[in-house]
There are 2 protein chains.
Amino acid sequence: MFKSINHQDIAFFKQICGEDAVFIDDDSLLKYSKDETEDLSFKPEVVLKPNHTSQISDVLKYCHEHLIAVTPRGGGTGLSGGSLPVFGGVSLSLERFNKIIQIDEQNLQATVETGVITQVLMDAATEKGLYYPIDPSSKGSCFIGGNIAHGSGGPRVVKYGTLRDFVLNLEVVLPNGDIIWTGANTLKYASGYNLTQLFIGSEGTLGIITKAVVKLIAKPIHQLLMMAAFTSEEEACAAVSAIFKSGITPSALEFMERKGVEWVVNYAQLNFNILDDAKAYLLIELDGNYLDVLYQDCETINTVLEQYHCLDVLLAESSTQKEELWKVRRLMPHSVKSNSIYKEEDTVVPRASLPKLIKGIKVLGEKYGFEAICYGHAGDGNLHVNIIKGNMSDVDWNMKLKDGIKEIFELTVSLGGTISGEHGIGLVQKEYMHIKYTETHLNLMRAIKNVFDVKGILNPGKIF
Amino acid sequence: MFKSINHQDIAFFKQICGEDAVFIDDDSLLKYSKDETEDLSFKPEVVLKPNHTSQISDVLKYCHEHLIAVTPRGGGTGLSGGSLPVFGGVSLSLERFNKIIQIDEQNLQATVETGVITQVLMDAATEKGLYYPIDPSSKGSCFIGGNIAHGSGGPRVVKYGTLRDFVLNLEVVLPNGDIIWTGANTLKYASGYNLTQLFIGSEGTLGIITKAVVKLIAKPIHQLLMMAAFTSEEEACAAVSAIFKSGITPSALEFMERKGVEWVVNYAQLNFNILDDAKAYLLIELDGNYLDVLYQDCETINTVLEQYHCLDVLLAESSTQKEELWKVRRLMPHSVKSNSIYKEEDTVVPRASLPKLIKGIKVLGEKYGFEAICYGHAGDGNLHVNIIKGNMSDVDWNMKLKDGIKEIFELTVSLGGTISGEHGIGLVQKEYMHIKYTETHLNLMRAIKNVFDVKGILNPGKIF
């Protein structure tokens, strides 16, 4: 279907991007054949590392003309296989698009190239007393561009909104090489179809996002962090809804089940005492400019938690202790990964349905013989379900498990939810799309793809 | 181009929607020929008032088959002519889609039919201690569906975000009669292209939005309201940016120039004393759960305002006084309308560019001989420019003024802004689209329209 890359193509890429931006050595091809998704690997035929929008435009124009597959790549931290070059061709890395172009302190906006690491933007904002709150677990290595492509996420969404609420305008190179800005650098926009919002979450299938204008906010001065232990997963999840009903919006509200906490404490040798009767934990963060108000909110939350048979609430007393508690949550994916081959499903439901979801997952685990470690952004109803291979046979793991995952997603959708909250569909969830969508709906998406990428060269094999 | 409606069509519509839902009398046709846009009038050939999604589906299927133009209509409060049936055909009113289906107190969500009046939803939420903060000036008569179609707006956006941040899921009837739900009832969503976001702001050109699931939040307990007077428009606008930089996010931050205040005080006989030296006013609202914190924030804001030569700050002392101050802003559009024929342009720029925008508009007013009354949502950089006909000749008004408006939009775009922040493009702004967009960009929008509405029957003549 796609043209294989030959010496002539390589010569062209070198001419456009420079000799030092074109890689065909085995190490590079291997490195760019993987991301953080399970144990999958698909080798590209060439890795390109352009550093200017016009180079990407020329490359895409050429690939469009010659029907060469192009798979964009950010930090390589994706969990749905979105950056895997399943049809070979070009792996187009944005890693040299790493400049923060401007932090605009008057308008509270940043203009960045999309290869900027999320943490780097957060730090640059903090230096000016500003805050960019979209911080996925992988913030130390993921790119802003990848975040945008997946409509990420992270723990602070619950108070501040997803990246969707923070992106104002995007520079995009279309598959035919045309360059557009999708919107305006404004907080409001009602000027025709909102292409900015369409590109957010489009997983690199509609165009290459090269620059972004994002909103910043004033940095809250204080943060409090609590860890609450519960005797059941369901009661922990039920407490989540009750906190919001009390009128308080935490800046993070994370759920972790006991097994996950045990694994991470063991894996990272954390100084955290797991209570005997604890079956689940909530990590609750509050932020704001008035410390006394935050303490009052803590009191209110304590009263709520008591109604759900909370065993114990730990209030972090120092920034060191806060970091230690955050590690319990942030290192959990790593501890799971280190423990066993696993598959991570990114379920999301209306938050009050979390108890039903988690209970249903346990039942399905028994039915299909898998163990699932659940944790995630409970405040958003976003539960990461980590299915552990453990002692499962390869046949069960590769074949039978699909039915189990299918049932997890059917349950999720029946509860008003969807099959990915922040990880995207990419390669590994696409076979489950029909659980959520009718053929009519999928055809609309396919037709939109066709509007932007009539030859289908951009990130082929993803989403549909 | 479109088929005219005949007796057979009327008979079909009556069969589908019921005898009492089909109107062809002169009064109805005249009423549905207008909205709040200037003095424009385009008569439909029939007005339909269905009350069930399946009826709309059948109507659209029929119109799609017979090439009959269909223009959806909400509350008729639009300012860009979006609901005007410029090609005749069907005016499809959503006024009988007026049920609040559910207020979900567990998940803080409401499911509504889209003909629900915005204020009605706000009141229903308030009754449960919840808050739906998207309140355009026309909240007493505009519909949720119209708000969604325009990505509205209103004063509370500055703290809570636009409607774009509150809409979770939509039931939509496509032009061929197919019915889909665009997303999920979840706070996060990364499951393919986000059709929910695409429909928001699509101005009824892609499908008829029949139901919506929207987010609610806990109702803040306290509100403080201040009115600050300035000796120049530029200093008032400059103070806006400074307030945000101080770390405070007001729940509303509205700008009004003196002339507008004079008109509204006179028009509505308001009890408001305009200071001799005041050239502009800011209305500043703060909300939250702790009154002492709000007073501290007021103090901080006062300190900021002093740096911009604020003449006077009035802090409303009672709910009656608050209402009176809000009337100064909310009735301003009505006072302008009562005073003269006018055109309203809905400019939006990054907020720090407001002083340049307002100064530029005054210069253009002198060049083209028009007077412009400016007010709007300064916190979002969203300035409504009301160009007054006054003594202008009809020739100047209808012909020469276009160049002036063109220059206003060129200035807006050159400042990083766009040609509509919340009113939409509709009929009256479409001739200015090329100022903001390249032909490449417009062609993408046109192709998206084509994906959903290949025959172009839905709200024809709008946006492009």
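Below, each value reflects all heavy atoms present in this structure, side chains not excepted, and no hydrogens, waters or symmetry copies. Naming convention: chains lettered A, B, ... in sequence-line order (proteins, then strands); numbering from 1 in each chain.
Per-residue heavy-atom pair counts under 4.5 Å with chain A were compared for B/H441, B/K188, B/Q429, and the maximum is reached by B/K188. Note: B/L206 leads B/V240, B/L206, B/D104, B/N169 in heavy-atom pairs under 4.5 Å with chain A. Ranking A/Y290, A/Y189, A/W181 against chain B, the residue ahead of the rest is A/Y290, based on heavy-atom pairs under 4.5 Å. Options B/T162, B/I180, B/D165 differ in how many heavy-atom pairs under 4.5 Å they form with chain A, and the most are formed by B/D165. Residue with the most contacts toward chain A among B/G151, B/G183, B/G192: B/G192 (heavy-atom pairs, distance under 4.5 Å). Taking A/L168, A/T182, A/L198 one by one and counting their heavy-atom pairs under 4.5 Å with chain B, the maximum is reached by A/T182.
Looking at B/L174, the atoms closer than 4.5 Å to chain A (heavy atoms on both sides) all sit in the side chain, from C-beta outward. For B/V348, the parts sitting under 4.5 Å from any heavy atom of chain A are the backbone and the side chain alike. For chain B, the nearby part of A/D178 is the side chain; its heavy atoms alone come within less than 4.5 Å. When heavy atoms are compared at a cutoff of 4.5 Å, B/L444 approaches chain A by way of both its backbone and its side chain. If you measure heavy-atom distances from B/K219 to chain A, you find no contacts under 4.5 Å at all. Only the side chain of B/N289 comes within contact range of chain A, with at least one heavy atom under 4.5 Å from a heavy atom of that chain. Residue contact with chain A, scored on non-hydrogen atoms closer than 4.5 Å, involves the backbone and the side chain of B/I419 alike.
With salt bridges taken as basic N to acidic carboxylate O contacts below 4.0 Å, none links B/E422 and B/R164. Between A/D287 and A/K159 there is a salt bridge, with a side-chain nitrogen of the basic residue lying less than 4.0 Å from a carboxylate oxygen of the acidic one. Look at A/K128 and A/E105 and you find a salt bridge, because one of the NZ, NE, NH1 or NH2 atoms lies within 4.0 Å of a carboxylate O, short of that distance.
Separation of atoms CD1 (A/I448) and CD1 (B/I448) is listed at 6.0 Å; rounding is to 0.5 Å. To the nearest 0.5 angstrom, A/R446 atom CZ is 11.5 Å from A/I463 atom CD1. From A/L357, atom CG reaches atom CG of A/L383 across 5.5 Å, with rounding to the nearest 0.5 Å. To the nearest 0.5 Å, atoms CD (B/Q197) and CG (B/L170) are separated by 9.0 Å.
Note on ring orientation: taking the six-membered ring where Trp is involved, the planes of B/F464 and A/Y193 are perpendicular (angle over 60°, cut-offs 30° and 60°). Between B/Y160 and B/Y131, the ring-plane angle classifies as perpendicular under the 30° and 60° cut-offs.
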